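Take a look at the structure set out below.
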Amino acid sequence: NPMEALAEYGSDALRMGLIASRTAGQNQAFSTSKVVAGRNFANKLWNMARFIEGKLPEDYVMTPPNPETSADHWIIRELLAASDLVAKHVENYRFSEAAEVAYHSIWSSLADWYIEASKKQVNNDVLAWALDTSLRIAHPFAPFVTETIWQTLPWYGEGDVLIRASWPEAIAFSEDKAAAFDSLKNLITEVRFVMSELPGNDRHPLLVRADDALIQDNAELIMQLAKVESVSAVEQPKGLRVAVSDRDAWLDIDTKTLEEHETNLEVRLAETHSAIEALTARLSNPSYIEKAPSHLVEETKRDLEEKQALVERLQQELEVIR
């Protein structure tokens with residue numbers, strides 16, 4: 001009953017739940033979990049807007065952004081690419097794909113990365129532009145929450161409504177500086193993964209070669225996002241090298257911790273290989289594919305992809321150690 005879903009989760013959540021993962025030619029049963037994800041996205045938009053509004057002065061006036069940090073250039077590139085791709089998918093009636101792009105670019109790129117980076121490197125004009133752009137590209141899929149947020153932001157004029165706003169327009173950014181943040185993002189992601197796998201809950205120092213200016217210039221940002229104790233430039237790093245191709249960085253851990261880490265990785269790798277075999281066998285069974293609910297089959301496929309990606313990560317870490 002759609003009225004029950006509307007009452008419990010809201011109209012935006014129901015809209016997003018109905019189109020999620022519904023690519024052309026694919027039959028899929030209704031999934032309440034997709035509606036819940038839509039509700040969570042609406043909540044994320046609201047919380048993100050409140051955070052950004054709280055960072056701006058009360059008399060703030062929308063100003064064309066002047067990107068300064070690599071994170072500024074990166075988020076401009078990411079959101080412009082997302083707006084172009086959303087528009088392309090909508091024009092081709094690929095509404096599910098369009099909603100996925102809007103969802104992941106706003107949740108991951110803006111909320112998980114740029115807003116966190118902005119806590120150390122603040123640029124009010126880029127923050128405001130990012131919120132404005134996100135509301136525009138999310139509006140076709142979550143019209144009510146985005147319109148409500150838009151009309152509560154003080155820098156829009158009275159009677160200004162989002163439904164009549166234009167699609168985001170391109171602005172200048174540096175690809176080289178955006179790529180620099182890609183490099184930092186890869187390093188931080190890998191450090192987080194390694195730290196989560198290390199025995200104990202200690203925060204370890206990150207050691208880098210003395211000539212790595214990018215890491216040194218962004219040391220405070222890395223400390224906050226990667227949760228490392230410190231970032232230090234040394235001539236001869238030691239410990240566990242972080243498995244990223246374009247950076248020379250090590251986590252400063254002792255030999256005993258390194259040995260325990262290697263043993264844990266080997267156990268995780270064996271367990272993950274066993275899980276992959278079980279999932280592959282399940283998906284190779286015609287009876288399962290034909291009789292199981294379609295959302296369970298899709299979940300199994302996603303689980304298999306995640307396990308395969310984890311194997312690659314674990315193997316990379318073991319290669320670094322050995």
Side-chain angles (χ1 to χ4, degrees), residues 1-45 78 81-113 134 137-143 145 189 192-193 196 268-315:
N1 186 338
M3 300 308 294
E4 293 177 0
L6 284 169
E8 185 170 359
Y9 302 109
S11 55
D12 287 329
L14 181 59
R15 287 167 67 100
M16 295 194 71
L18 286 174
I19 65 173
S21 304
R22 297 184 183 278
T23 55
Q26 180 187 27
N27 293 324
Q28 185 172 339
F30 173 78
S31 173
T32 301
S33 64
K34 298 292 185 183
V35 181
V36 173
R39 180 196 60 187
N40 294 342
F41 178 69
N43 290 339
K44 177 67 75 172
L45 279 171
E78 293 297 296
S83 69
D84 289 343
L85 191 53
V86 168
K88 180 180 178 181
H89 284 322
V90 169
E91 288 169 1
N92 292 309
Y93 304 99
R94 304 184 72 89
F95 304 121
S96 175
E97 290 89 336
E100 286 291 321
V101 171
Y103 181 98
H104 289 293
S105 61
I106 293 170
W107 191 299
S108 179
S109 298
L110 179 55
D112 288 351
W113 283 101
S134 296
I137 65 176
H139 185 64
F141 318 104
V145 67
T189 300
R192 286 174 175 173
F193 175 76
S196 70
R268 286 284 306 281
L269 187 60
E271 292 173 347
T272 308
H273 275 304
S274 297
I276 287 174
E277 291 177 4
L279 291 169
T280 302
R282 188 182 306 169
L283 291 171
S284 300
N285 185 346
S287 178
Y288 175 74
I289 299 297
E290 294 172 4
K291 297 179 181 180
S294 58
H295 70 277
L296 289 182
V297 175
E298 289 301 315
E299 288 177 8
T300 303
K301 290 179 180 178
R302 286 195 297 271
D303 196 12
L304 177 59
E305 291 174 357
E306 291 172 1
K307 292 290 190 296
Q308 290 170 335
L310 178 58
V311 163
E312 292 182 8
R313 296 286 291 274
L314 294 172
Q315 288 175 335

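As a basis for the values below, the full set of heavy atoms in this structure was taken, side chains included, without hydrogen atoms, waters or symmetry mates. These numbers were taken from a predicted model, which means no experiment stands behind them.
For the atom pair CD (Q308) and NE2 (H273), the distance works out to 10.5 Å, reported to the nearest 0.5 Å. Between the CZ atom of R313 and the OG1 atom of T189 there is a distance of 7.0 Å, given to the nearest 0.5 Å. Remark: L310 CG to F193 CZ distance equals 5.5 Å, nearest 0.5 Å. Of the inter-residue distances, the one linking R39 atom CZ with T32 atom OG1 reads 11.0 Å to the nearest 0.5 angstrom. Note: K44 NZ to N40 CG = 9.0 Å, rounded to the nearest 0.5 Å. In this structure, CG in L314 is found 5.5 Å from CZ in R268, a value given to the nearest 0.5 Å.
Under the 4.5 Å side-chain criterion, counting only non-hydrogen atoms from C-beta, L14 is not in contact with Y9. Put simply, the side chain of I137 does not reach to within 4.5 Å of the side chain of V101, judged on heavy atoms. Using a 4.5 Å heavy-atom threshold, the side chains of K301 and L304 count as separate. Side-chain contact between L18 and F95 is absent, with no heavy atoms from C-beta onward closer than 4.5 Å. Contact check for V145 versus F41: no side-chain heavy atoms found under the 4.5 Å cut-off.
Taking every heavy atom of both residues into account, S134 and L110 meet most closely at OG-CD2, 3.1 Å. Scanning both residues, A20 and S96, for their nearest heavy atoms gives C-OG, 3.9 Å. The shortest non-hydrogen separation linking V90 to A98 is CG2-CB, 3.8 Å. Residues A292 and V297 approach most closely at CB-CG2, 4.0 Å, considering heavy atoms.
The main-chain N or O of P140 is found under 3.5 Å from a side-chain atom of R15 such that the two form a donor-acceptor pair. Of the possible donor and acceptor atoms, one in the side chain of N285 sits under 3.5 Å from a partner among the backbone N and O of S287.
Between K307 and D303, at least one side-chain N (NZ, or NE/NH1/NH2) sits under 4.0 Å from a carboxylate O, which counts as a salt bridge.
Aromatic ring pairs are classed by plane angle as parallel below 30°, tilted from 30° to 60° and perpendicular above 60°; the pair W107 and Y103 is parallel.
Test S83, S108, S109 against E78 for side-chain contact (heavy atoms from CB on, under 4.5 Å) and you get one pass: S109.
Qualifying ring pair (Phe, Tyr, Trp, His ring centres under 6.0 Å) partners for F141, counting only residues two or more places apart in sequence or in other chains: none.
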